[in-house]
Amino acid sequence: MEVLDAHLSASHGTKSSTVWLADYRSTTLSPSGVEPDRADDQLPSATRAFASQTVVLESREGQALARLHLPITAWGERVGVLSVVMDAERAQRSREGLRDLAGTFAVALQAAYKRTDRYHMDRRRSGRLTMAAEMQWDLLPARGYDQPGVKLAGQLEPAYAVGGDHFDWSINGDWLTVTALNGMGTGLDAALLTTLAVNAMRNARRSIPAGQSAPGDLADQAVLAADAISSQYGGIRHVATLLLSLNIATGELRIIDAGSPRMLLVRGGQVRDMVLDPQLPLGMFGDTRYVEEHERLHPGDRIFVVSDGVHAATRPNETAYGERELSRAIRSTRLQPPAEAISSVMRSLRDYHAGAELADDALIVCLDWSPRADP
């Protein structure tokens, strides 16, 4: 961060810079390395830049200095905001170049997370993570992805105490593989089980010999992962899992429904459940075989994957959230990008719980697909 500040000053004439990092809920920004009360006046504009993913310029007529607030985003994962104070006239000319620089800094931050605790500590000023949540967040590849043809975002709640819910994804050639998991149990036991399941599927995905199975094939991955879990727990514990593999070029979608996460399709403004053939959760029995189902997405389709902590959430004397509010909340997000869409649905879920902490882990993944334009 200090290198960035020095570069901004020397190359762009900035007077000061502040790096804001998003918390684990992606709802609050905290200034890195700065006491919050020294940067509070910048927070509303920085929050607007983070939510809209656009550059926000603060300037007043007759004043020589202006503020620029630039999203810090790495390949679709929203990390935070870079705020700089500089000459007002130069700020107008430099906004796009500085936005590119903020993107470069986002990549550097992603590398820094693996090498220092500094930025992890800045992100958790609003609360301490449980051991289970620490494991789950550290296991994620990234919370978002945005490239031509596909956009992906996901969120775990309660963010600071999540146990067994998790999602994983990987891009291999034209295939995007996504898994949504709900490890049996609660707390650390569930987190350990889910960690084993995620790494078992990654190992399976990476170990299939080239030419033997296409990158998008899910059945072999599910079998190898299920065998690993069954060998470790002997069928006593298992992982409810939904596996998806999407061909970004064609819209071909392969699915294995091995548990409680549910998939909803948004097409033409209408929300409908994807009715799938239920199969056994991973690790319930040894030597289980899995069969893929196939769908074809249409341009502009959106998929939501939600765990049972979302679709089956209940309150005393109330209709279940999935029956009463989920489709309505999803429809309201039609003009929002995936990262904002999942935040909106999570807010609706928290409202349903009347502000109380969620009784069960909740996972939401949102995926948008459209054919890539010809180069």
Side-chain angles (χ1 to χ4, degrees), residues 26 51-54 71-79 103 106-107 110 139-156 166-181 198 201-202 205-206 213-218 221 241-257 261-272 274 276 292-307 330-331 333-346 363-375:
S26 290
S52 66
Q53 289 295 288
T54 59
I72 300 174
T73 305
W75 300 300
E77 182 176 17
R78 301 179 177 196
V79 180
V107 178
Q110 299 296 75
L139 190 62
L140 279 179
R143 286 197 284 181
Y145 181 74
D146 186 346
Q147 291 294 306
V150 65
K151 295 180 181 180
L152 167 75
Q155 177 65 19
L156 307 174
H166 194 77
F167 68 97
D168 190 35
W169 61 269
S170 177
I171 289 281
N172 291 292
D174 283 335
W175 289 95
L176 168 65
T177 301
V178 181
T179 53
L181 307 96
V198 170
M201 281 187 282
R202 288 177 179 174
R205 191 172 66 231
R206 297 165 183 171
S213 181
D217 287 350
L218 296 175
Q221 297 174 32
T241 310
L242 182 68
L243 298 92
L244 310 175
S245 197
L246 171 65
N247 188 304
I248 300 169
T250 66
E252 178 189 353
L253 183 65
R254 302 176 181 180
I255 313 161
I256 292 177
D257 178 6
R262 236 168 79 183
M263 186 165 67
L264 298 98
L265 175 67
V266 185
R267 177 177 292 166
Q270 300 300 310
V271 181
R272 68 174 177 90
M274 299 282 284
L276 303 171
E292 295 179 1
E293 298 181 64
H294 295 259
E295 294 282 345
R296 179 75 63 172
L297 295 185
H298 295 181
D301 278 354
R302 166 171 284 183
I303 290 172
F304 273 92
V305 176
V306 297
S307 66
I330 287 175
R331 281 195 300 272
T333 69
R334 63 188 181 280
L335 300 180
Q336 296 176 329
E340 281 301 295
I342 57 174
S343 294
S344 294
V345 178
M346 280 296 187
L363 159 71
I364 301 177
V365 175
C366 180
L367 169 66
D368 287 355
W369 178 79
S370 289
R372 289 181 295 206
D374 292 333

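Small disclaimer: the values here were computed from a predicted structure and weren't measured.
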Undergrad: Donor-acceptor pair, S370 side chain versus G300 backbone, under 3.5 Å?
TA: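 Judged by distance alone, yes, a pair lies under 3.5 Å.
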Undergrad: Test your reading of the model: is there a side-chain donor-acceptor pair from R267 to the backbone of P299, 3.5 Å cut-off?
TA: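 No; judged by distance alone, with no hydrogens or angles, the pair does not exist.
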Undergrad: Is there a donor-acceptor pair closer than 3.5 Å between any side-chain N or O of Q270 and the backbone N or O of V266?
TA: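 No, Q270 side chain to V266 backbone: no donor-acceptor pair under 3.5 Å.
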Undergrad: Using 0.5 Å steps for rounding, measure from the NZ atom of K151 to the CG atom of D146.
TA: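 Those atoms lie 5.0 Å apart.
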Undergrad: For L265, run the side chain to side chain contact (heavy atoms under 4.5 Å, CB included) check against L297, V271, L253 and tell me which one passes.
TA: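 When L297, V271, L253 are each tested with L265, the side chain to side chain contact (heavy atoms under 4.5 Å, CB included) holds only for L297.
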Undergrad: Among I303, D257, V306, whose side chain to side chain contact (heavy atoms under 4.5 Å, CB included) with M263 holds?
TA: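 Per the side chain to side chain contact (heavy atoms under 4.5 Å, CB included) rule, the option paired with M263 is I303, out of I303, D257, V306.
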Undergrad: Judged by atom type as modelled, is there a donor-acceptor pair below 3.5 Å linking the side chain of E292 to the main-chain atoms of I255?
TA: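 Not at all, since once roles are kept as given, no pair shorter than 3.5 Å links the two residues.
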Undergrad: Does any pair with a residue in residues 172-181 pass salt bridge (charged side-chain N to carboxylate O under 4.0 Å, His left out), and if so which ones, sequence neighbours excluded?
TA: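 Listed once each, the pairs are D174-R372.
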Undergrad: Taking N172 for its side chain and W175 for its backbone only, find out whether a donor-acceptor pair lies under 3.5 Å.
TA: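 No, the answer is negative, given that no donor and acceptor are paired below the 3.5 Å cut-off.
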Undergrad: Between S26 and R143, do the side chains contain an N or O donor and an N or O acceptor separated by less than 3.5 Å?
TA: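 Looking only at side-chain atoms, R143 and S26 do form a donor-acceptor pair, the distance falling under 3.5 Å.
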Undergrad: How long is the straight-line distance from CG of D301 back to CH2 of W369, given to the nearest 0.5 Å?
TA: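 Taking CH2 in W369 and CG in D301, the distance rounds to 8.0 Å.
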Undergrad: Looking only at the aromatic ring of each residue, does the gap between the centers of Y145 and W75 stay below 6.0 angstrom?
TA: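 For W75 and Y145, the ring centres are not under 6.0 Å apart.
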